[in-house]
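For the numbers below, each heavy atom of this structure counts, side chains included, while hydrogens, waters and symmetry mates do not.
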Amino acid sequence: MKRQVSIFLLLAMLLAVCTACGGSQTTGDGSSSANSSLSAADGSGGDEADAAEVEAVLEQFLTSVYTTDDQGRYTAYLAEMEALDSAAGSGSADEQSLLDEAADNYYAGFASLVTDDVYTQMVQNRVPFKYDALYADTPATVQEVALTAQEDGYSYAVTLQIDGETETRSGELRWEEQDGSILVSYFYEAD
């Protein structure tokens, strides 16, 4: 704990010195950027990324998760399952392959926004499938996404409109940078 505090104080002093020097940094391509980047030192999990870019990815992810039938994923999945039910029943390896493909198609809308671990967690916990099934008759749409920076990532509150009523979902997110892409590396739903 003392080491973390010491590192945090060292980073705070370094930030103060950089701010006093004009607050800009040179990026890898030689251009200059004002204090708009986040680093692993802030606990977010990434090396260096623009805060607006990180928040845009997190918002895109949350919107996809909580919007019912986002990009027609649930409708397409149900159609694929109906086609499989009417044509199959043998339990063959080919049938399993088609089931796997249907699941991959369902999660494709946000698969590129998450790490492999988060993807696996979401498939196992049936997120957002459980929301699509729950709100199939009364669609949920995202009205607002509020992100609050925390020591180790972000907390979120998503305001949904469901059949004229407002509901909120909340939780925590973390992110990391992989091959130049911002990815959600931790997803926790509080409610």
Side-chain angles (χ1 to χ4, degrees), residues 44-46 49 52-148 153-191:
S44 59
E53 179 184 2
V54 169
E55 290 175 5
V57 169
L58 299 180
E59 185 172 336
Q60 180 183 0
F61 167 75
L62 292 168
T63 299
S64 181
V65 168
Y66 290 111
T67 298
T68 302
D69 200 19
D70 188 46
Q71 302 175 21
R73 68 178 171 225
Y74 189 63
T75 302
Y77 180 79
L78 292 178
E80 288 180 67
M81 290 299 100
E82 187 176 313
L84 280 171
D85 284 345
S86 64
S90 65
S92 69
D94 190 41
E95 188 176 327
Q96 184 60 47
S97 171
L98 293 172
L99 286 170
D100 292 343
E101 183 179 335
D104 287 344
N105 292 340
Y106 178 82
Y107 287 100
F110 60 81
S112 65
L113 302 174
V114 299
T115 62
D116 290 342
D117 290 343
V118 171
Y119 182 85
T120 300
Q121 171 199 358
M122 294 184 76
V123 170
Q124 289 173 347
N125 293 332
R126 300 184 60 202
V127 175
F129 190 85
K130 63 184 177 184
Y131 297 119
D132 283 342
L134 180 64
Y135 299 118
D137 296 326
T138 55
T141 56
V142 173
Q143 299 296 303
E144 179 183 8
V145 175
L147 296 168
T148 304
Y154 285 86
S155 64
Y156 71 86
V158 176
T159 304
L160 303 172
Q161 188 73 26
I162 305 169
D163 198 26
E165 301 291 323
T166 301
E167 290 189 24
T168 303
R169 301 287 184 269
S170 62
E172 296 176 14
L173 295 167
R174 292 188 194 120
W175 62 275
E176 64 183 51
E177 196 168 353
Q178 286 184 7
D179 300 324
S181 296
I182 305 300
L183 301 176
V184 175
S185 61
Y186 176 79
F187 173 58
Y188 168 75
E189 297 179 282
D191 36 42

How would you list all residue pairs meeting salt bridge (charged side-chain N to carboxylate O under 4.0 Å, His left out) that involve residues 64-73, not counting sequence neighbours? R73-D132
Heavy-atom distance under 4.5 Å between the side chains of Y74 and T68, does that happen here? no
Student check: side-chain heavy atoms of V114 and F61 closer than 4.5 Å: yes
In short, A102 meets M81 closest at the heavy-atom pair CB-CE, 3.5 Å
Aromatic plane relationship, Y66 with Y131 - under 30° parallel, 30 to 60° tilted, over 60° perpendicular: tilted
Please report the C-alpha distance between V158 and E144 in whole Å, then the side-chain angles of each, then the deciding distance to 0.1 Å, and finally whether the side-chain contact (heavy atoms from CB on, under 4.5 Å) criterion is met. CA-CA 6 Å; V158 176; E144 179 183 8; over 6 Å; no
Any chance the side chains of Q96 and D100 put a donor and an acceptor closer than 3.5 Å? yes
L84 vs L99 side-chain heavy atoms within contact, under 4.5 Å: yes
Which residue, V184, T115, I182, forms the side-chain contact (heavy atoms from CB on, under 4.5 Å) with E176? T115
Within a reach of under 6.0 Å around CG of N105, are more than 12 heavy atoms found that belong to other residues, nucleotides or ligands? yes
Pairwise side-chain contact, L160 with T166, heavy-atom cut-off 4.5 Å (strictly under): no
Does any N or O in the side chain of Y186 come within less than 3.5 Å of the main-chain N or O of V118, such that one atom is a donor and the other an acceptor? no
So, do V54 and Y154 sit near enough that their side-chain heavy atoms are less than 4.5 Å apart? yes
Measure the spacing between CD of Q143 and OG1 of T168 and express it to the nearest 0.5 Å. 11.0 Å
Lys/Arg N to Asp/Glu carboxylate O, E167 vs R169, below 4.0 Å: yes
Please check this pair: side chain of T67 against backbone of T63, looking for a donor-acceptor N/O pair closer than 3.5 Å. yes
Separation of L58 CG from Y156 OH (nearest 0.5 Å): 11.0 Å
Going by heavy atoms in the side chains, are R174 and F187 under 4.5 Å from each other? no
Taking the side chain as everything from C-beta on, heavy atoms only, tell me whether M122 gets closer than 4.5 Å to V65. yes
Value rounded to 0.5 Å, distance of CZ in F129 from CG in L134: 11.5 Å
Does the Q161 side chain pair with the main chain of A140, one donor and one acceptor, at a distance under 3.5 Å? no
Just verifying a value: how many Å separate N125 CG and T120 OG1, rounded to the nearest 0.5 Å? 10.5 Å
Heavy-atom check, side chain of Q60 versus side chain of F110, under 4.5 Å: no
OG (S155) and OH (Y188) are apart, to the nearest 0.5 Å, by 12.0 Å
Any idea which heavy atoms bring A111 and Y119 closest together, and the distance? CB-CE1, 3.8 Å
Distance (rounded to the nearest 0.5 Å) between L62 CG and S170 OG: 11.0 Å
